[in-house]
Amino acid sequence: MAKFNGDYKNEYAMLLMGEYFRNSLTYFRGEVRDSNYFRPLLRMADARTIEQAIYDLFGGEDLVKCDVGRFCGIEGREPNNGRKYGHPEVFYRHDDPEDTIQELWNDKEHREKCRKLLIGFVDGFISDRMKAAEGDVLKSRFDELRRFFKFTDLEMDAIKYAFVKNSTTFESDPFEGRRSNNERRNDRLNFFAMCIDHSVAEVRELRNNESRLRKYDFLDEDLDIRGSIQEFLNGEDDKPLQGRFYRKAKADDVLPWDFYGKALQRHGTLLKRLISSKKDEKGVNILLYGEPGTGKTSFAMTLAKELGLDVYEIMHGDEDGRNTSLGSRLIGVQVCNEQIPAGKGMMVVDEADQILRTGGGGGLFGFFFCNGDSSEKGQVNSMLDSIRCPTIWISNASADSMADSVRRRFDYSICFKKLTHAMRVNIWRNNIKKLKLGRLIPPSDIDALAAKYATSAGGITMVLKNLKEMAPKPDEVPDLLGRLMEPHCELMGTETSDDLMLPAKDYSLEGLNLKGDVELGRITDAVRNFFAGMDEGKSLEVDRPRMNLLLWGPPGTGKTEFVKYLAKAVNRKVVVKMGSDLLSMWVGGTEKNIRRAFEEAEADNAILFLDEIDGIVQDRSGAQRSWEVTQVNELLHRMENFKGVMVAATNFMDNLDAAIMRRFTFKLQFDYLDTAGKRLFFERMFKTHLSDVDAMRLAGIPSLAPGDFRTVRQSLYYLGGAVSNETRLNELEKESSLKKNAPRRIGF
């Protein structure tokens with residue numbers, strides 16, 4: 001597009017400039033305060049032609065009367081600038097013709113005559129450009145905006161005028177010169193209305209934040225056009241408007257509806273009924289929120305396919321880096337909301353965290369390179385209220401990060417929690433089937449893979465796709481799969497687990513020093529019976545006893561190993577949480593972590609093992625801060641209502657809150673090994689037999705626990721050569737002597 005005097009010269013833009021200038025000349029009745037108002041006329045005719053026309057129309061005497069010019073011979077004065085036009089020679093007092101026109105206009109006697117003269121020039125200019133402007137690229141751009149946004153005549157007139165005013169430079173209006181800002185704003189509004197031939201009331205409505213030109217950020221509060229819109233209209237980009245805001249997604253490659261298991265049972269049928277019950281033009285807002293990588297987006301796609309609806313995704317930005325701002329995404333939602341055919345589509349706003357958490361974004365048109373800053377949550381609320389199609393909002397943010405006024409506008413919501421082991425098994429199985437990798441990864445390996453790599457659905461899919469593209473031989477797959485998955489898990493902060501809480505190979509209940517009336521074998525049977533009842537649906541019974549176990553005693557006495565043994569015996573996964581894992585520096589954070597731990601175990605039908613529980617349930621009677629009480633209350637509440645098996649372990653029984661003791665079904669004290677236990681663990685761990693003398697020496701070593709034998713075995717492993725029982729006993733005595741509060745041997 002060629003340039004003219006620093007502005008874009010365009011046939012259609014110049015035509016519009018002529019029409020707006022003609023309207024202002026027609027309707028304005030007052031004095032012009034700034035001669036620059038007439039400058040557009042100099043784009044329609046050259047100065048000499050205008051001055052000649054003024055002389056021909058008014059004649060010398062009229063010009064003298066209104067003090068516009070000096071003529072040769074009149075008053076005997078010489079001309080002040082030497083310019084000569086017409087006959088007889090006319091010497092104008094002003095250097096610029098717009099100053100001459102201003103004086104003519106401001107003389108009431110000559111104003112109407114001047115008006116007709118100027119309008120005649122403008123009409124001629126418009127007539128000359130009418131045909132050439134028809135095929136102009138700018139006109140096609142305006143037509144594209146009208147079709148896409150369904151703008152009214154008023155809205156289009158306002159956009160065109162704002163564009164032309166900025167491009168062709170209406171350098172001032174006839175009101176220029178007022179001192180008050182309010183007067184200036186009102187004058188600008190009046191001039192805007194005159195130019196587009198609409199009422200001031202209509203134009204004032206365009207300034208309202210609820211007007212589409214303001215919501216879509218075409219115009220600012222002063223009705224000036226956004227620079228980004230100007231750039232689009234100038235033709236710097238030929239990409240379709242739709243692709244800047246949203247795209248129609250392909251819903252072919254989606255997971256089957258029955259994949260979602262519990263989520264489907266709880267939400268699926270009701271959700272489909274809710275959406276289907278909405279009549280045309282009546283929207284429904286659905287929030288899918290929670291842990292990242294838990295299948296929220298794929299659930300939305302599957303839901304749309306089930307309902308036979310097309311999916312329209314709000315863009316995060318195109319390949320050129322536009323439409324990335326928060327403001328642009330808000331506008332994308334509003335634009336797409338008006339474009340989707342009624343009853344035919346569903347809008348999906350993925351990664352909506354910033355929109356919903358901050359309460360919205362200001363500045364427009366990210367597609368138009370605008371960096372929107374945050375706006376009031378009222379803008380988001382208004383947008384949610386105006387939704388006219390089924391809309392899925394997807395967020396990884398927690399519910400409490402959203403304002404109450406935002407949350408209550410959702411017709412339905414689903415919280416996606418951390419993937420359970422069973423869900424990961426399904427994800428592995430479905431992806432292996434979809435990618436036809438069954439010959440490389442047998443079904444028997446899937447459970448172990450799901451247990452070892454607790455990553456997201458996206459991570460599993462990505463690794464399996466990469467594995468397939470590498471075309472490995474069958475014997476390469478186990479190693480290659482691990483080498484692909486482990487860096488991904490490390491990147492995502494996901495720990496991999498090889499032992500899966502399995503007990504030591506030489507572990508046995510035999511030899512443990514358990515204080516209590518119930519043997520460990522019977523405890524194991526009780527837990528097995530509890531899980532059997534859960535599988536039969538008995539967990540829904542109101543008065544069904546809970547199954548919470550407390551293991552307490554000195555370190556190394558076998559508490560953790562018993563949990564591993566128990567899990568293997570009843571064939572259940574263990575969700576392990578240390579007391580320190582649950583503590584949070586944020587107020588309310590510990591309570592939230594406690595809740596999530598119970599929810600994770602319950603979702604996976606796993607045993608929840610809270611090790612070092614004394615760190616979070618110390619006696620409330622000594623609490624000095626409110627959160628020390630609330631976190632204990634939260635744990636007590638969760639224990640009371642937990643439908644699974646919880647095992648807690650502590651080395652400091654005396655520190656526990658008294659109320660927690662009532663929540664345990666069994667309380668098991670693990671003590672230091674007795675004489676028989678010491679000998680059993682010595683001979684089992686070191687694969688040896690003790691002499692009577694060595695057995696007596698071992699019996700005299702106080703405060704030995706199973707963990708001490710393992711520690712000594714590990715410390716001697718790399719020394720090489722034969723290790724005597726005397727050396728082993730020496731090391732055990734050292735371990736005993738290091739323990740605080742351990743009884744000391746008396747004598748030699």
Side-chain angles (χ1 to χ4, degrees), residues 498-524 549-569 574 609 611-612 647 649-653 667-748:
D498 289 311
D499 60 15
L500 305 178
M501 277 295 286
L502 296 176
K505 293 180 181 179
D506 50 8
Y507 180 80
S508 171
L509 295 180
E510 186 182 2
L512 294 178
N513 187 9
L514 180 67
K515 302 290 181 66
D517 298 329
V518 184
E519 297 177 355
L520 289 184
R522 295 190 63 190
I523 298 292
T524 303
L549 280 63
L550 175 64
L551 315 181
W552 62 282
T557 50
K559 301 184 292 297
T560 301
E561 284 297 318
F562 173 69
V563 177
K564 294 179 180 181
Y565 170 86
L566 178 65
K568 184 179 180 181
V574 180
F609 179 36
D611 203 0
E612 299 179 1
V647 182
T650 179
N651 300 331
F652 305 101
M653 178 71 159
K667 308 173 192 63
L668 310 175
Q669 180 185 2
F670 286 73
D671 205 350
Y672 291 120
L673 297 173
D674 58 20
T675 299
K678 293 176 190 177
R679 182 162 188 168
L680 187 150
F681 271 90
F682 190 100
E683 294 182 346
R684 183 193 301 153
M685 286 279 190
F686 300 127
K687 305 293 188 289
T688 186
H689 292 286
L690 284 169
S691 66
D692 291 341
V693 174
D694 288 340
M696 289 180 62
R697 181 181 175 188
L698 175 64
I701 302 175
S703 306
L704 286 181
D708 297 321
F709 291 89
R710 176 174 292 178
T711 300
V712 170
R713 184 174 69 175
Q714 290 173 341
S715 66
L716 297 175
Y717 181 84
Y718 292 103
L719 294 179
V723 179
S724 66
N725 285 343
E726 182 179 1
T727 299
R728 292 166 179 146
L729 290 169
N730 289 338
E731 294 300 317
L732 286 171
E733 287 174 342
K734 290 178 183 178
E735 290 298 319
S736 174
S737 67
L738 293 174
K739 295 181 181 179
K740 295 179 179 180
N741 303 321
R744 296 287 178 251
R745 294 177 61 182
I746 300 175
F748 296 94

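All residue numbers refer to positions in the sequence shown, counting from 1.
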[X] to [Y] - nearest heavy-atom pair and separation:
{"X": "Gly677", "Y": "Asp674", "result": "N-OD1, 2.7 Å"}
{"X": "Glu726", "Y": "Arg697", "result": "CG-NH1, 3.7 Å"}
{"X": "Asn651", "Y": "Gly553", "result": "OD1-O, 3.2 Å"}
{"X": "Leu551", "Y": "Val563", "result": "CD1-CG2, 3.7 Å"}
{"X": "Gly700", "Y": "Pro702", "result": "O-CD, 3.3 Å"}
{"X": "Ala649", "Y": "Phe609", "result": "CB-CE1, 3.7 Å"}

Euclidean distance, [Y] [atom2] relative to [X] [atom1], rounded to 0.5 Å:
{"X": "Ser691", "Y": "Leu698", "atom1": "OG", "atom2": "CG", "value": "10.5 Å"}
{"X": "Asp611", "Y": "Lys559", "atom1": "CG", "atom2": "NZ", "value": "7.5 Å"}
{"X": "Phe670", "Y": "Leu514", "atom1": "CZ", "atom2": "CG", "value": "5.5 Å"}
{"X": "Lys687", "Y": "Arg713", "atom1": "NZ", "atom2": "CZ", "value": "6.0 Å"}
{"X": "Leu668", "Y": "Ile523", "atom1": "CG", "atom2": "CD1", "value": "5.0 Å"}
{"X": "Asn725", "Y": "Asp694", "atom1": "CG", "atom2": "CG", "value": "5.5 Å"}

In the structure I gave you, are the side-chain heavy atoms of [X] and [Y] within less than 4.5 Å of one another anywhere?
{"X": "Val574", "Y": "Leu566", "value": "no"}
{"X": "Leu512", "Y": "Pro706", "value": "yes"}
{"X": "Leu680", "Y": "Phe709", "value": "no"}
{"X": "Lys739", "Y": "Tyr672", "value": "yes"}
{"X": "Leu550", "Y": "Thr650", "value": "yes"}
{"X": "Thr557", "Y": "Trp552", "value": "no"}
{"X": "Met653", "Y": "Gln669", "value": "no"}
{"X": "Thr688", "Y": "Arg728", "value": "yes"}

Exercise for the section: Assess Arg679 against Phe682: is NZ or CZ under 6.0 Å from the centre of the six-membered ring, and within 45 degrees of the ring's axis? Expected result: no
Practice task
Spell out, as yes or no, whether a donor-acceptor pair under 3.5 Å connects the side chain of Ser736 to the backbone of Glu733.
Solution key: no
Exercise for the section: For Glu683 and Leu690, indicate whether the former's side chain and the latter's backbone hold a donor-acceptor pair under 3.5 Å. Expected result: yes
Handout entry: Side-chain ion pair, Glu731 and Lys734, N-O less than 4.0 Å
Key = yes
Exercise for the section: Kindly determine whether Val723 and Phe686 satisfy side-chain contact (heavy atoms from CB on, under 4.5 Å), including the steps that lead there. Expected result: CA-CA 10 Å; Val723 179; Phe686 300 127; over 6 Å; no
